[in-house]
2 protein chains.
Amino acid sequence: MVTKNDVKFINSLKHKKYRQLNNCFIVEGKKSIIEFLKSDYQLIKLFSVDCSFFSKIKNQVKIENSLLRKISFLINPDDHVAIFKLNYSKPIDNENLIIALDSIRDPGNLGTIIRTCEWFGIKDIICSNDSVDCYGPKVIQSAMGSVSRVNITYLDLIKYLKSSKSKKIITSLNGESIYKYDESFDSGILVFGNEANGVSKEFFELMDYNISIPRFKNNKFPESLNLASSLGIILSEISRKSI
Amino acid sequence: MVTKNDVKFINSLKHKKYRQLNNCFIVEGKKSIIEFLKSDYQLIKLFSVDCSFFSKIKNQVKIENSLLRKISFLINPDDHVAIFKLNYSKPIDNENLIIALDSIRDPGNLGTIIRTCEWFGIKDIICSNDSVDCYGPKVIQSAMGSVSRVNITYLDLIKYLKSSKSKKIITSLNGESIYKYDESFDSGILVFGNEANGVSKEFFELMDYNISIPRFKNNKFPESLNLASSLGIILSEISRKSI
């Protein structure tokens with residue numbers, strides 16, 4: 001039995017405030033749910049139009065299509081909506097390359113970044129406290145299950161960078177060409193500034209290196225690349241060196 | 001004077017059907033409007049909260065903030081909304097590398113792709129007829145002005161590829177590593193399949209080469225990369241060879 005209050009509760013989870021208050025978040029779509037089920041994340045409840053698909057899951061409630069449409073955040077809901085327990089507090093592994101994001105605001109971009117990081121073997125992403133929450137429905141959707149495996153930590157980024165002894169590399173519009181940069185990327189912190197406002201002075205002062213993606217023949221336009229695209233290009237450059 | 005019908009008309013332009021019926025589209029935000037004004041696109045009308053910013057533009061109408069909110073597609077409107085004339089039919093330049101997109105559906109992804117293509121010097125993008133329209137508000141917004149300079153053509157992609165004598169390269173999950181592929185990319189057609197369904201058999205049969213972005217240490221996850229990210233990585237690989 002799913003009550004009106006249940007629907008209201010699930011809908012409230014699109015907001016960070018209510019996710020944190022209730023310590024849970026929503027995952028939709030068979031593929032993503034499967035990946036979260038295989039991970040350390042703990043399932044609270046699964047709502048399914050067809051209970052035979054996840055037949056071994058006990059805390060499952062059968063729902064009608066009409067109800068699915070009411071609780072889903074998707075335009076085309078995919079038969080199942082799962083509630084999982086939040087899990088923010090895993091330790092950061094400083095032995096590997098860490099990706100740091102300053103004030104990332106676009107949930108689709110963050111999801112794409114998490115997915116790209118996983119593709120290239122990154123285990124840890126750290127985000128400044130004012131960044132968009134990685135448990136929002138749009139992030140979960142565009143990350144395609146990667147949120148279940150990549151460790152994402154929110155912290156005071158400036159403070160963290162100041163106290164860290166790791167090598168710090170920033171990506172900006174005026175650094176050394178990534179095609180020429182040949183330092184090792186086995187460990188350290190690779191920082192990406194805020195897309196709208198660029199990298200602040202305070203960040204530059206904390207950095208050991210500044211790298212850039214060169215434009216084609218010194219093109220004047222566009223002004224910049226999309227953040228997730230820049231990250232993909234740079235991680236690919238790092239990856240090609242280790243292959 | 002802006003009437004209720006004008007508001008209705010402008011709002012209708014978020015739909016492709018009405019853009020094509022009226023042969024026009026919306027550009028918002030100072031930066032993007034400046035870039036379209038500098039291009040071949042023809043301005044039909046500019047609605048401004050502050051007319052002094054584009055003081056030389058004659059077909060400009062002063063509007064109040066309350067009206068701006070009604071006609072803007074943005075959550076935080078940026079003082080100006082411009083209507084430009086559509087311009088689909090520029091010739092394709094076969095001398096350079098062309099990017100081909102099959103059934104691209106996500107407008108934010110297409111916008112990012114157009115922006116990334118321009119960064120790496122691509123002049124022409126061809127899209128299958130069922131792809132999302134490049135003049136939709138979300139594409140214009142995420143392309144950050146690049147739609148004004150990159151030539152985007154909609155066509156029967158299979159037919160075009162069949163008749164083209166150019167070298168055809170596809171990006172898939174099981175091709176040759178882009179880090180090892182050393183054919184020239186000065187011309188030809190670089191094809192990206194549909195993100196949800198992958199590359200269809202019909203496409204593979206038309207191709208001369210099949211390339212892939214290798215995963216980190218044969219990672220099993222994620223299943224794929226975001227389309228715009230893949231394109232950025234591959235164009236960067238091409239670019240690094242010519243620098």
Side-chain angles (χ1 to χ4, degrees), chain A residues 31-32 35 38-39 97 106-109 111-123 138 142-150 177-180 195-196 213-243, chain B residues 31-32 35 38-39 97 106-109 111-123 138 142-150 177-180 195-196 213-243:
Chain A
K31 275 190 184 176
S32 289
E35 297 186 27
K38 282 192 291 191
S39 75
L97 183 67
D106 184 283
N109 245 351
T112 303
I113 285 172
I114 298 167
R115 183 175 165 196
T116 307
C117 279
E118 188 183 24
W119 182 277
F120 288 112
I122 301 292
K123 305 251 182 290
K138 280 190 189 164
S142 61
M144 308 270 280
S146 292
V147 175
S148 71
R149 292 174 299 259
V150 176
S177 162
I178 47 155
Y179 307 136
K180 289 173 184 161
E195 188 169 30
I213 302 165
R215 287 162 194 274
F216 177 79
K217 292 187 182 164
N218 297 318
N219 252 357
K220 268 179 68 187
F221 295 106
E223 270 189 22
S224 62
L225 279 166
N226 165 281
L227 182 59
S229 299
S230 302
L231 177 130
I233 292 166
I234 289 175
L235 290 186
S236 168
E237 260 310 300
I238 295 173
S239 191
R240 84 190 309 282
K241 285 174 184 145
S242 65
I243 280 174
Chain B
K31 276 190 183 177
S32 289
E35 299 187 25
K38 284 192 290 190
S39 75
L97 183 67
D106 185 282
N109 245 350
T112 302
I113 285 173
I114 298 166
R115 183 175 166 197
T116 307
C117 279
E118 189 184 23
W119 182 278
F120 288 112
I122 300 293
K123 304 252 183 289
K138 280 190 189 165
S142 61
M144 309 268 280
S146 293
V147 175
S148 70
R149 291 174 299 258
V150 177
S177 162
I178 46 155
Y179 307 136
K180 289 172 184 161
E195 188 169 30
I213 301 164
R215 286 162 195 275
F216 177 81
K217 291 185 181 164
N218 297 318
N219 251 358
K220 269 178 70 187
F221 295 106
E223 270 189 21
S224 62
L225 278 167
N226 165 281
L227 183 58
S229 299
S230 302
L231 176 129
I233 291 167
I234 288 174
L235 290 187
S236 168
E237 261 309 303
I238 295 172
S239 191
R240 83 190 309 284
K241 283 172 185 145
S242 65
I243 280 174

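As the structure is a prediction and not an experimental result, all values here were calculated from the model. Each chain gets a letter, A, B and so on, in the order its sequence line appears, and its residues count up from 1.
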A.B. asks: Can you name the residues that form a side chain to side chain donor-acceptor pair (under 3.5 Å) with B/Ser142, not counting sequence neighbours?
C.D. replies: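 Checked B/Ser142 against side chain to side chain donor-acceptor pair (under 3.5 Å); zero matches.
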A.B. asks: Residues two or more places apart in sequence or in another chain: which of them pass salt bridge (charged side-chain N to carboxylate O under 4.0 Å, His left out) with A/Lys138?
C.D. replies: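 So A/Lys138 forms no salt bridge (charged side-chain N to carboxylate O under 4.0 Å, His left out) with any residue.
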A.B. asks: Check each atom of A/Thr116 against the heavy atoms of chain B and say whether the ones under 4.5 Å are side chain, backbone, both or neither.
C.D. replies: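 The answer is both parts of A/Thr116.
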A.B. asks: Under the side chain to side chain contact (heavy atoms under 4.5 Å, CB included) test against B/Trp119, which residue among A/Ile233, A/Asn226, A/Ile213 passes?
C.D. replies: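 Result for side chain to side chain contact (heavy atoms under 4.5 Å, CB included) with B/Trp119: A/Ile213.
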A.B. asks: Counting heavy-atom pairs under 4.5 Å to chain A, which of B/Gly111, B/Pro222, B/Ser229 comes out on top?
C.D. replies: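 Ranked by heavy-atom pairs under 4.5 Å with chain A, first place is B/Pro222.
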A.B. asks: List the atom of A/Phe216, the atom of B/Phe120, and the distance in Å for their closest heavy-atom pair.
C.D. replies: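 Closest approach of A/Phe216 to B/Phe120: CB-C, 3.3 Å.
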A.B. asks: Please classify the contact of B/Thr112 with chain A as side chain, backbone, both or neither, using a heavy-atom distance under 4.5 Å.
C.D. replies: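 For B/Thr112, the side chain is the part near chain A, not the backbone.
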A.B. asks: Consider only side-chain N and O atoms of A/Ser224 and B/Arg115, and report whether a donor and an acceptor are under 3.5 Å apart.
C.D. replies: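 Yes.
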A.B. asks: Answer with side chain, backbone, both or neither: which region of B/Lys220 has an atom nearer than 4.5 Å to a non-hydrogen atom of chain A?
C.D. replies: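 Neither the backbone nor the side chain of B/Lys220 comes within 4.5 Å of chain A.
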A.B. asks: Under a 4.5 Å heavy-atom cut-off, does chain A meet the side chain of B/Glu35, its backbone, both or neither?
C.D. replies: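 For B/Glu35, the side chain is the part near chain A, not the backbone.
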A.B. asks: Just wondering, are more than 12 heavy atoms of other shown residues or ligands nearer than 6.0 Å to NZ in B/Lys31?
C.D. replies: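 No, the 6.0 Å shell around NZ holds no more than 12 heavy atoms from other groups.
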